[in-house]
Q: 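Got a structure for you, written out below as structure tokens; questions coming shortly.
Numbers restart at 1 for each chain; the letters A, B, ... are given by sequence-line order, proteins then strands. It should be emphasised that the depicted structure is a prediction, and the values quoted were computed from it without experimental measurement. Computation of the quantities below employed the complete heavy-atom set of this structure, encompassing side-chain atoms and omitting hydrogens, waters and symmetry-equivalent molecules.
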Amino acid sequence: MSCHKSYITTPIYYVNDVAHIGHAYTTIIADTLARYARLIGEDTFFLTGTDEHGQKIQEAAKKRGKATQAYADEISAKFKTLWDEFDISYDKFIRTTDADHMAGVQKAFSVMYDKGDIYKDAYKGHYCISCETFFPETQLVDGEFCPDCGKSTSIVEEESYFFKLSAYQDKLLDWYKNSPDCILPKSKRNEVIRFVEGGLNDLSITRTSFDWGVKLPKSFNDPKHVMYVWLDALMNYVTALGYGTDEKNMDFWPARVHLIGKDILRFHAIYWPAFLMSLDLPLPKHIGAHGWWTRNGEKMSKSKGNVVNPKEVADAYGLENFRYFMLREVPFGGDGDFSQRALMDRINSDLGNDLGNLLNRLIGMSGKYFEGRVECDLVEKYYKEELDEVQVSLNKLEPMLFELQLHKYLEELWRPLTVANRAIDKYQPWSMIKEGKTDETMALNGLIATILAKVSLMLHAVMPKTTNTIVNALGFDIDPNSFEKIIRNGEKLEPFVTQKREPLFPRIEEQLLVEKKPEKEVKKESKKEEKKEPDNIALIGIDQFFETSLKIGTVVEAQEVKKSKKLLLLQVDIGEEKPRQVVAGIKESYSTEDILNTQVCVVANLKPAKLMGMKSEGMLLAAKDSDGLCLIRPEKPKSVGTPIS
RNA sequence: CGCGGAAUAGAGCAGUUUGGUAGCUCGUCGGGCUCAUAACCCGAAGGUCGUUGGUUCAAAUCCUUCUUCCGCAACCA
């Protein structure tokens, strides 16, 4: 092995989320790699955990009337429990609220600062308080207003520490170019390269607007700052190994692979390596970004009620079957579709027919012809050709795994099963036994057993318990020792005796879970969810409501905005001298014909904003859910300029 | 013209670097077999390789036109 230490990570999951299939997918891929690494005898460290800092958590806890830490404890425990139920073999579950993590982050901050990569800036102007974001002069609307929310930006309001990300642009590009596999799949690497080539801005890495985070080291004597969530979160990958504290496991660094979802690619592929360079730490070998899961071809969303609950699926169909399905079904990096049909097909066809049934055939034949005895001594003598064919497939496997080509890995791993099933047909043991070819028949059973053993060993990382059940029937256990013997050294199986057993993968004839609820129920449910909202939103007085000027307007002109997916450029008459120009993000749901000469509700006293270079002097009221957007219109035509209240 | 990717059998995909008989999995149809979970094995049908033009003895592959889809960026007042 090229590296005898294997460090494998998942992201730390944000505790404001509920665990969904995406979390499960990342974690299962990582678990598979970790299990395989252990099986081949590598010293392995597998990390997962939770990200618990940030304003959102602080607010969420407050709303529920809980202490922030208590709230974080609660949700973090839910993730941990889920992974335990999912048989995830993590070596450490890190929490960003762990004392040694926080100490490590502070240490890193000092190191970066001493290196000159962090500077404090009183950032003159252009900080939007409500968006908590800085904007360069060029992006501001009319030289003052926030391009995001249109509110006035402030000049000296917020001070912040900055990380000199811009200084690492060339070094990052060198890394991408010199390490073709640093970001997988390759298409994502290209994306990152293009982005970095476009120029990097320095990164604001502290906040003063909330305090639920890691404080700066005491030596800075600057207590109002807490570290920004990405610096805090990303550092977990090394603090988990003892960075900045006992350094106990730092010899696992650099990571063999960071597994992530494609949504957080930029943080991992740009910020993280830059931080590491600043800390003079080596860079990870691979960053693997996987795609999304859809449900029956549709995007999953709460309002559609079609979110896949991984626990529910695992309970119904079997955890390891589900693992197999997720890894086999989609090419790494691509989006995958979850449907019970596809899952059932995989279980019945791949697992039941090809694998489980092969074990049954062996049990049947050995039972009928040899009272269950299976011996492998003569396998090579009679079936060399088949053994060689199997070996060709096995030899291809390992590189695929560490290149994250799990679907190809499993596809290739199934070839030996076909070799076995075909051999039975070809040599017809039921005829051989009648002809007195006892040795040949025994050897054929030995061949099947050998193939089952090898496939089980190579499948173990994906289906740990199931494969152990199989090899137990073949008289041994899966461990690094048996792996070494049977896979690496090609040793023969010891003689064993088979026993009848229930099929490993009973056929599934009907969907086990009730599919998507009827439309009406879904709507009810989403209404319920919406009802919850008011509890969380502060009440306002009527005066405050009247601060918003809403008016009826008629769209007198409408045209598409070129190069924009969402924007329409409208002229709306709201009873003033001239129609207002409004840039509305409704192109995906409304064409220019749909909206021309129709009436809409306009927010008339919004500060002007600039969108893709065009001035917008108002906004249209609309309701948006996952199915798209719907304008709010007067039920009957009203004269333009009519106030709404 | 912001950057990039993709379009191949009913479905999902490989093949394109380096032009030379279009392949895999599932599904469908036909046959075989009985050790086995209506499982297994063999065979067949099914594709003008998105569109236009070109280079070439020869194009899914190289160049060109257009169309559609998808990422990223931008943007959602």
Side-chain angles (χ1 to χ4, degrees), chain A residues 139 141 145-151 185-195 197-198 262-263 265-266 289 291-292 297 328-331 333-337 341-342 345-369 407-408 410-411 414-415 417-418 420-433 441 444-445 448 500 502-509 561-568 582-589 602-622 624 629:
Chain A
Q139 279 185 25
V141 179
F145 302 108
C146 168
D148 271 349
C149 64
K151 288 179 188 165
K186 290 195 171 131
S187 54
K188 291 291 167 197
R189 172 170 158 265
N190 292 339
E191 229 171 77
V192 171
I193 291 174
R194 289 290 133 66
F195 186 86
E197 280 172 348
K262 63 183 181 182
D263 54 330
L265 176 62
R266 197 183 307 163
W292 301 140
R328 175 63 184 82
E329 190 69 6
V330 283
D335 288 349
D337 186 55
R341 180 78 259 155
D345 284 349
R346 285 288 172 208
I347 294 172
N348 287 339
S349 174
D350 295 5
L351 296 177
N353 297 350
D354 297 340
L355 176 60
N357 187 42
L358 183 62
L359 177 62
N360 267 26
R361 299 180 91 178
L362 173 66
I363 292 170
M365 287 192 288
S366 59
K368 265 193 188 161
Y369 309 144
H407 74 296
K408 282 193 185 163
L410 290 170
E411 194 181 354
W414 247 244
R415 288 187 203 286
L417 297 177
T418 301
N421 278 316
R422 194 161 47 206
I424 298 172
D425 217 70
K426 183 175 168 191
Y427 296 105
Q428 305 194 348
W430 49 92
S431 304
M432 290 203 294
I433 201 76
T441 310
L444 183 68
N445 284 349
I448 298 163
K500 282 219 159 174
E502 290 300 305
L504 274 174
F505 308 100
R507 277 191 80 76
I508 301 169
E509 302 293 352
V561 177
K562 276 180 209 167
K563 284 179 276 172
S564 165
K565 208 184 271 180
K566 297 187 177 173
L567 300 181
L568 290 182
V582 175
V583 182
I586 56 173
K587 191 165 159 185
E588 285 178 328
S589 303
V602 179
V603 181
N605 61 342
L606 203 62
K607 273 181 185 160
K610 206 182 257 181
L611 295 172
M612 297 197 76
M614 291 161 308
K615 204 171 192 186
S616 181
E617 307 165 300
M619 74 182 257
L620 306 189
L621 293 189
K624 187 179 171 190
L629 187 137

Q: Look at all strands and tell whether A:Thr418 reaches a base, only sugar-phosphate, or nothing, counting heavy atoms closer than 4.0 Å.
A: sugar-phosphate

Q: Rounded to whole angstrom units, what separation is found between the NE2 atom of A:His407 and the P atom of B:rC13?
A: 10 Å

Q: Considering only the C1' atoms, how many Å lie between B:rG47 and B:rG10, rounded to the nearest integer?
A: 11 Å

Q: Looking at the side chain of A:Asn421, which of B:rC40, B:rA36, B:rA39 is the nearest nucleotide?
A: B:rC40

Q: What is the pairing partner of B:rU48, taking Watson-Crick or G-U wobble pairs with both distances under 3.5 Å in any strand?
A: none

Q: From C-beta outward on A:Arg266, which listed nucleotide comes closest to its side chain: B:rC72, B:rC35, B:rU37?
A: B:rC72

Q: Specify the separation, in whole Å, of atom CG of A:Leu444 and atom P of B:rC35.
A: 13 Å

Q: Counting only Watson-Crick or G-U wobble pairs whose two distances fall under 3.5 Å, which nucleotide matches B:rU55?
A: none

Q: Could you measure between the two C1' atoms, the one in B:rC3 and the one in B:rG46, and give it in whole Å?
A: 39 Å

Q: Distance check needed: B:rU34 P versus A:Lys368 NZ, whole Å only.
A: 11 Å

Q: Roughly, in whole Å, what's the span from NZ in A:Lys408 to P in B:rG12?
A: 19 Å

Q: How would you label the contact of A:Gly618 with the nucleic acid (heavy atoms, under 4.0 Å): base, sugar-phosphate, or nothing?
A: sugar-phosphate

Q: Would you indicate which nucleotide in B:rG4, B:rU37, B:rG71 comes nearest to any side-chain atom of A:Lys188?
A: B:rG71

Q: A:Leu355 has an atom CG; how far is it from atom P of B:rU37, in whole Å?
A: 15 Å

Q: Is A:Asn445 touching bases, backbone alone, or none of the nucleic acid, heavy atoms closer than 4.0 Å?
A: nothing

Q: Can you check the distance between B:rU67 and B:rC29, where both ends of the measurement are the P atom (answer in whole Å)?
A: 42 Å

Q: Taking the same atom, P, in B:rC24 and in B:rU64, what whole-Å distance lies between them?
A: 33 Å

Q: Taking A:Asp335 for the side chain and A:Gly291 for the main chain, is one N or O donor matched with an acceptor at less than 3.5 Å?
A: no

Q: Give me the distance, rounded to whole Å, that separates B:rA9 from B:rG15 when you measure between the C1' atoms they each carry.
A: 15 Å

Q: Distance criterion of 3.5 Å, no angle test: do you see the side chain of A:Arg361 paired donor-to-acceptor with the base of B:rC35?
A: yes

Q: Identify which nucleotide among B:rC40, B:rC24, B:rU37 has an atom closest to any side-chain atom of A:Glu411, counting heavy atoms from C-beta outward.
A: B:rC24

Q: B:rA58 and B:rU16: how far apart are their P atoms, nearest whole angstrom?
A: 22 Å

Q: So what's B:rC72 paired with, Watson-Crick or G-U wobble, going by both distances under 3.5 Å?
A: B:rG2

Q: Checking all strands, does A:Asn357 fall into the base, sugar-phosphate, or nothing category for heavy-atom contacts under 4.0 angstrom?
A: base

Q: Taking the basic N atoms (NZ, or NE/NH1/NH2) and the acidic carboxylate oxygens, is any pair closer than 4.0 Å for A:Arg194 and A:Glu197?
A: yes

Q: Taking the same atom, C1', in B:rA44 and in B:rG27, what whole-Å distance lies between them?
A: 14 Å

Q: Could you measure the distance from the CG atom of A:Asn360 to the CG atom of A:Leu504? Nearest 0.5 Å is fine.
A: 7.5 Å

Q: Across the strands shown, which category fits A:Arg194 at heavy-atom distances under 4.0 angstrom: base, sugar-phosphate, nothing?
A: sugar-phosphate

Q: Check the geometry between A:Tyr369 and B:rC35 and answer yes if their rings are stacked (centres below 5.5 Å, planes below 30°), otherwise no.
A: no

Q: Kindly determine whether A:Glu411 and A:Lys408 satisfy salt bridge (Lys or Arg N to Asp or Glu O under 4.0 Å), including the steps that lead there.
A: CA-CA 5 Å; A:Glu411 194 181 354; A:Lys408 282 193 185 163; over 6 Å; no

Q: Does OP1 or OP2 of B:rU34 have a side-chain N or O of A:Trp430 closer than 4.0 Å?
A: yes

Q: With the side chain of A:Ser349 defined as its heavy atoms from C-beta on, choose the nearest nucleotide among B:rG32, B:rC26, B:rG71.
A: B:rC26

Q: Just how far, in rounded Å, is C1' of B:rA39 from CG of A:Asn348?
A: 11 Å

Q: Across the strands shown, which category fits A:Asn353 at heavy-atom distances under 4.0 angstrom: base, sugar-phosphate, nothing?
A: sugar-phosphate

Q: Between atom CG of A:Asn353 and atom CG of A:Asn421, what is the distance when rounded to the nearest 0.5 Å?
A: 9.0 Å

Q: Given the C1' atoms of B:rC1 and B:rU65, what is the spacing between them in whole Å?
A: 15 Å

Q: Partner of B:rU25 by Watson-Crick or G-U wobble geometry, both contacts under 3.5 Å, or none?
A: B:rA11

Q: Could you check which of B:rC35, B:rC3, B:rU37 has an atom nearest any side-chain atom of A:Leu504?
A: B:rU37

Q: For the pair made of CD in A:Glu509 and C1' in B:rA39, what is the distance, rounded to whole Å?
A: 12 Å

Q: Measuring from A:Met365:CE to A:Ile448:CD1, what's the distance to the nearest 0.5 Å?
A: 3.5 Å

Q: Does A:Arg346 offer a backbone N or O that forms a donor-acceptor pair with the side chain of A:Ser349 under 3.5 Å?
A: no

Q: Just to confirm, is there a sub-4.0 Å distance from OP1 or OP2 of B:rC42 to any side-chain nitrogen or oxygen of A:Arg422?
A: yes

Q: Nearest heavy atom decides the nucleotide; on that basis, is A:Leu620 or A:Ile363 closer to the 5' end of RNA chain B?
A: A:Ile363

Q: Quickly work out the A:Ile448 CD1 to B:rA39 P distance and round it to whole Å.
A: 19 Å

Q: Do any N or O atoms from the side chain of A:Asn357 and from the backbone of A:Gly352 form a donor-acceptor pair under 3.5 angstrom?
A: no

